[in-house]
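In what follows, a structure is listed as structure tokens, so that the remarks can point back to it.
Please read all numbers here as calculations on a predicted model, not as lab measurements. Quick note on labels: first sequence line is chain A, next is B, and so on, each numbered from 1.
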2 protein chains.
Amino acid sequence: MAERERTPSPPTISEVAATAGVGRATAARTLGGYGYVSPELRERVLAAAEQLGYRANALARSMSTGVTHTLGVIVADIGNPFFAGVVRGISDTSRERGFDTIVLSTHESLSEEIAAMNVLIDKRVDGVIVASAAVERADVAHLTAAIERGIPVVLVDREVSHLDLDAVVIDNREAAREAVDSLIRAGHTRIGFVWGPTTEGRPATRRELLAAASRNLWTDAERLRGYLDALDDAGIPFDPDLVMVGEKTESRATDEVTRMLALPERATAVFCTETDAMTGSLRAVRAAGLAYPADVSLIGFDDSSWAAVMDPPLTMIEQPMHELGETAAATLLSLIDGKATPRSRHTLETKLISRASVSAPPVADR
Amino acid sequence: MAERERTPSPPTISEVAATAGVGRATAARTLGGYGYVSPELRERVLAAAEQLGYRANALARSMSTGVTHTLGVIVADIGNPFFAGVVRGISDTSRERGFDTIVLSTHESLSEEIAAMNVLIDKRVDGVIVASAAVERADVAHLTAAIERGIPVVLVDREVSHLDLDAVVIDNREAAREAVDSLIRAGHTRIGFVWGPTTEGRPATRRELLAAASRNLWTDAERLRGYLDALDDAGIPFDPDLVMVGEKTESRATDEVTRMLALPERATAVFCTETDAMTGSLRAVRAAGLAYPADVSLIGFDDSSWAAVMDPPLTMIEQPMHELGETAAATLLSLIDGKATPRSRHTLETKLISRASVSAPPVADR
DNA sequence: CTGTTAGCGCCTTCAA
DNA sequence: TTGAAGGCGCTAACAG
């Protein structure tokens with residue numbers, strides 16, 4: 001029961017070998033689980049290890065084998081439930097295969113993403129999964145650098161244009177198109193889009209809008225394109241006043257939707273591309289003294305148990321967060337195994353969960 | 001532009017030294033940022049490193065220095081928004097100080113927690129932060145083992161009885177007491193508790209209930225105690241029928257609340273200790289054709305933007321998730337720095353956010 | 001089957 | 001100030 005503060009230098013394989021009375025290599029072989037060892041010595045070694053409380057030093061092992069059994073994960077924000085779900089998927093499937101995960105948050109900053117990649121390179125991870133904030137062609141040096149060093153990289157959630165990497169994503173554009181289309185089929189023509197690009201001024205033309213979008217996150221741009229697709233398919237003219245611009249915050253969404261609801265020809269439906277965009281919109285609807293779906297129809301991205309218990313319950317697009325992570329990890333792992341996989345581009349299914357936040361527009365506005 | 005698949009053996013410090021025409025040690029000194037090096041040679045080395053794209057091998061460095069600049073984090077589920085928030089806090093503050101984190105999910109299983117700790121020990125992390133599922137005295141061997149090996153451990157979110165470790169928690173008991181008390185002050189005496197212990201049968205007595213609770217998660221037990229405290233303070237008799245037992249799932253919560261709402265003397269308020277307990281309860285209230293707060297008052301744990309946009313908005317207890325993480329990381333870091341800190345027990349503040357889901361009980365039930 | 005011997009890449013005395 | 005040499009703990013040929 002002595003509580004001595006002995007310098008806790010953990011037992012090494014040599015000590016185990018010594019107390020077992022065998023050579024280093026023999027101990028290493030049985031403890032490392034490779035090579036042949038006679039049952040006798042094996043027993044002795046195991047006993048000694050047990051007695052000493054031996055645990056292999058993974059660092060030393062990695063030094064000589066060159067593999068760390070560790071995956072790097074780079075996301076914008078591990079605190080965001082979406083990424084948390086993805087990371088959980090990555091973590092679960094890699095753990096199953098004996099890989100651990102070190103995850104870094106970039107706060108959506110490219111420079112932090114680059115720093116994160118360097119950390120992972122330095123730590124010699126066996127591969128990395130990244131939801132990259134890179135959009136410009138010049139933004140991808142850190143990704144190609146990793147690959148040149150022999151570290152496989154797979155993209156998750158976000159593709160990076162003109163970069164031929166394995167990617168696991170959803171079809172944001174189609175998911176958005178489908179959602180907006182369902183609004184159109186319900187009779188809406190004045191459909192708000194929240195949130196849009198983070199420009200300062202309001203893009204006057206469709207071309208400007210698209211240009212602005214392409215300077216933003218890939219997912220956001222895709223969702224905007226899907227919105228426009230649906231409008232086009234239905235021959236509904238695009239109205240710049242119906243797309244939110246500016247900071248992507250809940251309160252900004254509230255302001256913008258409030259504005260859209262006050263337009264001469266007001267919005268009768270709102271499509272939200274993110275959770276906080278939806279809660280912000282909801283606040284605007286309430287503040288305007290309107291009710292959904294009677295006055296305004298609503299569809300949002302990223303289903304949650306909350307959305308289902310709203311009154312009325314919200315129609316939402318469900319993303320397979322966990323599966324995105326699982327698939328990304330599985331892809332990366334097979335890359336690490338040296339499987340000669342051609343570049344893959346997994347597009348996972350989303351699901352439009354119809355509940356009760358969509359109805360026909362009010363008669364007065366039709 | 002050759003896409004050669006050269007074996008990407010990264011440049012070592014020796015190569016840098018060679019191409020700079022200096023000794024290994026000199027290169028190591030300038031690249032490692034220690035010891036004296038003349039400006040001249042320093043320049044040469046830096047240039048060579050730059051040219052070769054040199055990056056220090058953190059494994060090798062850790063091998064010889066004995067530190068990894070890596071923190072281990074063990075939580076039940078990184079996909080859970082609460083833990084995701086905590087991890088984000090840990091990650092942010094440790095990153096600031098040059099530490100990375102490797103996080104492991106245990107799925108609330110003690111054996112996975114033990115395995116996780118072993119992984120971290122093997123990887124020689126400098127310290128670990130754990131939200132432990134340990135409850136029995138016999139469950140803490142892996143925690144003490146880490147400490148004996150010289151790896152500092154700090155608990156977050158959950159204390160572990162009879163184990164003298166630094167801990168960063170909230171006062172679950174007081175938070176619960178306060179919430180339930182506010183219900184009582186609104187006039188309620190029939191207050192449901194969701195969720196309770198995962199026993200099979202329904203504890204008949206208060207003693208049995210407490211015993212069952214103490215076999216469960218620390219946080220859950222504390223919240224239950226707080227509930228009982230509030231009842232005691234007000235002289236309201238405890239009724240076993242008003243506490244949920246069984247699996248902690250949303251649907252189970254719905255079933256149990258449905259039951260409580262159908263009691264001869266039905267519940268007129270429900271206190272929920274977790275997000276899914278709240279959404280499950282909400283479903284039960286709706287299904288019973290009741291409205292809140294008119295028919296049933298509601299208070300829940302873990303505020304979110306959804307809770308604020310419910311109609312009516314929900315009164316919730318807010319936990320400082322990010323700050324829990326920050327504080328835990330800061331505490332661990334100072335332990336690692338060898339600061340002679342006496343055992344600390346940080347209890348962070350929660351906040352009862354009063355919104356509109358609490359009112360007086362309906363007259364008929366008073 | 002077992003033990004000896006080199007490294008892995010870096011840090012760290014210790015002379016020079 | 002600089003360079004040579006040894007060691008961190010483990011794996012991996014290599015003889016024996």
Just checking, is any N or O donor in the side chain of [X] or [Y] under 3.5 Å from an acceptor N or O on the other one?
{"X": "A/Ser344", "Y": "A/Asp166", "result": "yes"}
{"X": "A/Ser62", "Y": "B/Lys123", "result": "no"}
{"X": "B/Ser132", "Y": "B/Glu113", "result": "yes"}
{"X": "B/Asp126", "Y": "B/Thr68", "result": "yes"}

At 4.0 Å (heavy atoms only), tell me whether A/Leu59 reaches a base, stays on the sugar-phosphate, or touches nothing.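 Nothing, no heavy atom under 4.0 Å.
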Under a criterion of less than 4.0 angstrom to any heavy atom of chain A, what are the 5'-terminal and 3'-terminal contacting nucleotides of DNA chain C? C/dC1 to C/dG9
Under a 4.0 Å N-O cut-off, is there an ion pair linking A/Arg345 with A/Glu159?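 Yes, A/Arg345 and A/Glu159 are salt-bridged.
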Between B/Asp92 and B/Arg97, does at least one N-O distance fall below 4.0 Å, as a salt bridge requires? no
Find which nucleotide of DNA chain D each of B/Met63 and B/Pro39 is nearest to by heavy atoms, and output the residue with the more 5' nucleotide. B/Pro39
Evaluate the side chain to side chain contact (heavy atoms under 4.5 Å, CB included) criterion for residues B/Leu332 and B/Leu71: first the C-alpha distance (whole Å), next the side-chain angles of each, then the deciding distance (0.1 Å), finally the verdict. CA-CA 9 Å; B/Leu332 181 57; B/Leu71 265 30; 3.6 Å; yes
Below 3.5 Å is the cut-off: list the nitrogen or oxygen pairs between protein and nucleotides 10-14 of chain D, distance only.
{"from": "D/dC10", "atom 1": "OP1", "to": "A/Tyr54", "atom 2": "OH", "distance (Å)": "2.4"}
{"from": "D/dC10", "atom 1": "OP1", "to": "A/Asn57", "atom 2": "N", "distance (Å)": "3.4"}
{"from": "D/dC10", "atom 1": "OP2", "to": "A/Ile13", "atom 2": "N", "distance (Å)": "2.4"}
{"from": "D/dT11", "atom 1": "OP1", "to": "A/Arg61", "atom 2": "NE", "distance (Å)": "2.4"}
{"from": "D/dT11", "atom 1": "OP1", "to": "A/Arg61", "atom 2": "NH2", "distance (Å)": "3.0"}
{"from": "D/dT11", "atom 1": "O4'", "to": "A/Ser64", "atom 2": "OG", "distance (Å)": "2.7"}

Measure the shortest side-chain to side-chain distance between B/Thr12 and B/Asn57 over non-hydrogen atoms and say whether it is less than 4.5 angstrom.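 Sidechains of B/Asn57 and B/Thr12: no contact.
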I need the OH-P distance between B/Tyr36 and D/dT1, as an integer number of Å.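 Taking OH of B/Tyr36 and P of D/dT1, I get 8 Å after rounding.
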